[in-house]
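Within every chain, numbering begins at 1; the chains are lettered A, B, ... in the order of the sequence lines, protein sequences first and strands thereafter.
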Protein chains: 2
Amino acid sequence: MNKIYCPLNYTMKLIGTKWKPLVLFHLLEGPVRSGKLQNKVPHISNKMFTQTVRELEKDNLITRKVYPVVPPKVEYELTEKGKSLESILKSLDSWGKEMSAFS
Amino acid sequence: MNKIYCPLNYTMKLIGTKWKPLVLFHLLEGPVRSGKLQNKVPHISNKMFTQTVRELEKDNLITRKVYPVVPPKVEYELTEKGKSLESILKSLDSWGKEMSAFS
DNA sequence: ACAATAAGTTACCTAAATGTGATATAGGTA
DNA sequence: TACCTATATCACATTTAGGTAACTTATTGT
């Protein structure tokens with residue numbers, strides 16, 4: 001008892017992984033091509049990148065737009081739901097910047 | 001090329017796990033005894049609770065205060081660094097609340 | 001003697017996350 | 001014909017996270 005329902009659980013389920021916040025963060029500026037987005041995220045593997053955007057798409061945080069050309073062209077873009085994370089993502093980033101300034 | 005250094009990485013290393021944000025969130029009100037804190041976090045196991053607070057302590061986000069009594073009494077409390085996460089934690093929580101309101 | 005207590009540890013196990021390397025695609029170009 | 005391109009998938013291995021149950025500790029109250 002005295003247990004508290006905490007919506008934070010829901011949030012962590014959606015974006016509580018190593019890569020998701022990074023990918024979302026780099027989409028804040030607008031739509032980005034797949035390869036370029038992947039390049040913006042240091043050290044992410046091919047597989048994890050794909051897996052991450054797939055899940056973000058499933059959870060309606062980003063959209064995936066495929067152009068039927070060869071070689072393929074794919075763009076990812078934040079949905080409204082994704083955009084609503086903007087201030088949180090920026091806060092997390094600037095908190096990290098402040099904190100890593102020490103040590 | 002075009003890779004961007006992102007302090008978000010640092011942030012995610014410190015608090016990017018299933019339980020850490022939850023534990024920190026429940027410390028926002030002030031110091032809490034170990035058992036009581038654990039009870040506030042639904043479904044956390046004994047082991048994960050201990051492991052989580054150990055890591056938070058190591059990263060200087062919380063302090064652990066042991067009273068030399070029997071049976072043991074231990075209190076956890078946010079450090080200044082931990083307190084600086086307050087607005088982020090609350091934002092994550094209220095974002096979760098808004099979003100889980102749909103679906 | 002022995003049970004109760006609060007906080008934690010230990011050994012052992014399963015599940016989830018992440019990484020690596022090879023392969024697929026299909027049209028344009030050398 | 002063979003290769004290049006951007007995007008993605010597959011099989012497999014490894015690493016990390018998380019769970020369960022038993023055990024420890026030292027004192028007080030029975």
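S34(A) comes within 4.0 angstrom of the backbone, heavy atoms only, and of no base. Residue Y67(B) is classed as having no contact, given no heavy-atom separation below 4.0 Å to the nucleic acid.
Across the protein-nucleic acid pair, K13(B) atom NZ and dT16(D) atom P stand 12 Å apart, rounded to whole Å. The CE atom of M48(A) sits 18 Å away from the P atom of dT14(D) (whole-angstrom rounding). Distance CG (N46(B)) to P (dT10(C)): 13 Å, rounded to an integer number of Å. Between the CZ atom of R33(B) and the P atom of dT5(C) there is a distance of 13 Å, rounded to whole Å. Rounded to whole angstrom, the span from the NZ atom of K20(B) across to the C1' atom of dT16(D) amounts to 12 Å. To the nearest angstrom, P of dG8(C) lies 5 Å from CZ of R54(B). Spacing between atom CD of Q51(B) and atom C1' of dA7(C) amounts to 16 Å, rounded to whole angstrom units. Rounded to a whole Å, the NZ atom of K18(B) is 14 Å from the P atom of dT18(C).
Side chain of W19(B), nearest nucleotide from dG19(D), dA8(D), dA6(D): dG19(D). Closest approach to the R64(B) side chain among dA6(C), dA7(C), dT7(D) is made by dA7(C) (side chain taken as heavy atoms from C-beta onward). Nearest nucleotide to the side chain of P71(A), out of dA7(C), dA26(D), dA6(D): dA6(D). Closest to the side chain of P72(B), from the set dA8(D), dG19(C), dA6(C), is dA6(C). Comparing dT20(C), dT20(D), dA26(C) by their closest approach to the side chain of K47(B) singles out dT20(D). Checking dG19(C), dT18(C), dT7(D) against every side-chain atom of T17(A), the shortest atom distance belongs to dT18(C).
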Cut-off 3.5 Å, no hydrogens considered: what does the side-chain donor-acceptor table look like for residues 66-80 of chain A, sequence neighbours left out?
{"unit_1": "Y67(A)", "atom_1": "OH", "unit_2": "E75(A)", "atom_2": "OE1", "d": "3.3"}
{"unit_1": "Y76(A)", "atom_1": "OH", "unit_2": "R64(A)", "atom_2": "NE", "d": "3.3"}
{"unit_1": "T79(A)", "atom_1": "OG1", "unit_2": "N60(A)", "atom_2": "O", "d": "2.7"}
{"unit_1": "T79(A)", "atom_1": "OG1", "unit_2": "L61(A)", "atom_2": "O", "d": "3.1"}
{"unit_1": "T79(A)", "atom_1": "OG1", "unit_2": "K81(A)", "atom_2": "N", "d": "3.3"}
{"unit_1": "T79(A)", "atom_1": "OG1", "unit_2": "G82(A)", "atom_2": "N", "d": "3.1"}

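For L37(B) against V32(B), the heavy-atom pair with the smallest separation is N-CG1, 3.5 Å.
When side chains are defined from C-beta on, E55(A) does not count as touching V23(A), because their heavy atoms never get closer than 4.5 Å. Residues P21(A) and M12(B) have side chains in contact (heavy-atom distance under 4.5 Å, counting atoms from C-beta outward).
Ranked by how close their nearest DNA chain D nucleotide is to the 5' end, T52(B) and E75(A) are led by E75(A).
For the pair Y76(A) and dA8(D), the criterion of a side-chain N or O lying under 4.0 Å from OP1 or OP2 is met.
Distance check: H43(A) NE2 to N9(B) CG gives 8.0 Å after rounding to the nearest 0.5 Å.
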